[in-house]
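For reference, positions follow the sequence shown, starting with 1.
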Amino acid sequence: MNKNILFKILAIVWAISGAVILLGVLWPILSYKSKDIKSKKEILLNPSPGDKRVEESENLDYTKASNWFYGGADKEDFYSSKISFYNISIPKLKIENAVVAIGGEDLSKNLIQYPGTAVPGKLGNAVIFGHSVLPIFFNPKEYISIFSTLPSLKKGDEITVNYDSVTYQYIVESAFDVYPTDIQVLQQDKSDSFLTLVTCVPPGDPRKPKRHIVRARVVPPDHAYAPAGN
């Protein structure tokens with residue numbers, strides 16, 4: 001084969017490979033922003049951030065849970081109690097018995113329950129933070145990427161929590177985005193037992209300007225529930 005033809009073929013292959021890699025990096029961000037604009041179901045509690053900390057958010061270390069919301073718990077609050085653990089499973093995301101820490105804030109080692117929020121199964125709102133990266137690097141067994149596909153959860157999806165040797169089943173009721181100044185999502189609602197899952201979005205965006213919220217409610221022990229799709 002003529003060398004010039006071979007070089008042209010290799011150049012085309014390299015160009016296509018580069019385009020595929022670039023698309024894999026940019027597509028999750030662009031598609032999320034497109035959905036952000038078109039979706040009528042999205043809820044933005046604060047449509048105008050108006051906080052300099054939001055604009056400078058790309059400088060924060062997002063493996064530390066204390067950096068995720070402004071005006072909420074202080075960094076010291078994440079270490080104010082003895083660390084204990086429980087497990088969470090999300091079948092749709094292939095997450096099985098992931099460890100949630102009560103106390104501590106290192107999201108590269110486990111999921112983190114936000115300080116001052118209710119424990120699972122009790123009246124109130126248990127809030128769990130999980131790190132995310134580009135969805136193409138999602139690994140349900142790696143905590144640095146464990147919530148990368150959290151935005152794919154929909155109403156009716158199932159979440160199971162094992163806390164203190166008791167298993168609780170939760171069903172997703174809603175999903176929406178907020179800004180890091182919108183700490184209303186951390187508030188306690190004592191009308192029932194709720195579960196709130198939180199990660200940064202858009203996926204792959206280093207600024208991480210918003211937080212994706214998945215809100216679920218416990219299924220009473222005497223109520224059988226068939227997961228969505230069954």
Quick check: do Tyr163 and Ile102 have side-chain heavy atoms less than 4.5 Å from each other?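 When only atoms from C-beta onward are counted, Ile102 and Tyr163 do touch, with a gap below 4.5 Å.
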Can you check whether Phe129 reaches Leu197 side chain to side chain, under 4.5 Å on heavy atoms?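 Contact flag for Phe129/Leu197 side chains = no.
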Polar contact flag, side-chain donor to acceptor under 3.5 angstrom, Thr160-Gln169: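 The criterion, which ignores hydrogens and geometry beyond distance, is not satisfied for Gln169 and Thr160.
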Measure from the side-chain N and O atoms of [X] to the backbone N and O of [Y], and report whether any donor-acceptor pair falls under 3.5 Å.
{"X": "Glu96", "Y": "Lys94", "result": "no"}
{"X": "Lys154", "Y": "Ala175", "result": "no"}
{"X": "Asp106", "Y": "Ser108", "result": "yes"}
{"X": "Ser145", "Y": "Val133", "result": "no"}
{"X": "Asn125", "Y": "Gln188", "result": "no"}
{"X": "Gln113", "Y": "Ala118", "result": "yes"}

Tell me the closest heavy-atom pair linking [X] and [Y], and the distance in Å.
{"X": "Ser148", "Y": "Pro151", "result": "O-CD, 3.9 Å"}
{"X": "Ile146", "Y": "Phe138", "result": "O-CE1, 3.2 Å"}
{"X": "Gln184", "Y": "Thr181", "result": "OE1-O, 4.4 Å"}
{"X": "Val198", "Y": "Thr196", "result": "CG2-CG2, 4.0 Å"}
{"X": "Arg217", "Y": "Asp192", "result": "NH1-OD2, 3.2 Å"}
{"X": "Phe69", "Y": "Arg211", "result": "CZ-CG, 3.8 Å"}

So does Glu173 have more than 12 non-hydrogen atoms from other groups sitting under 6.0 Å from CD?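 For Glu173, atom CD is crowded (more than 12 foreign heavy atoms under 6.0 Å).
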Salt-bridge criterion met for Asp177 and Lys210 (N-O under 4.0 Å): no
Cluster overlap [X] with [Y], hydrophobic side-chain contacts below 4.5 Å:
{"X": "Ile88", "Y": "Val119", "result": "yes"}
{"X": "Phe85", "Y": "Tyr143", "result": "yes"}
{"X": "Val99", "Y": "Ile144", "result": "no"}
{"X": "Val100", "Y": "Val166", "result": "yes"}
{"X": "Leu111", "Y": "Phe194", "result": "no"}

Working to the nearest 0.5 Å, report the span between NE2 of His131 and NZ of Lys64. 10.5 Å
Under the side-chain hydrogen bond (donor to acceptor under 3.5 Å, both in side chains) rule, collect the residues that match up with Thr167, sequence neighbours excluded. Asn162
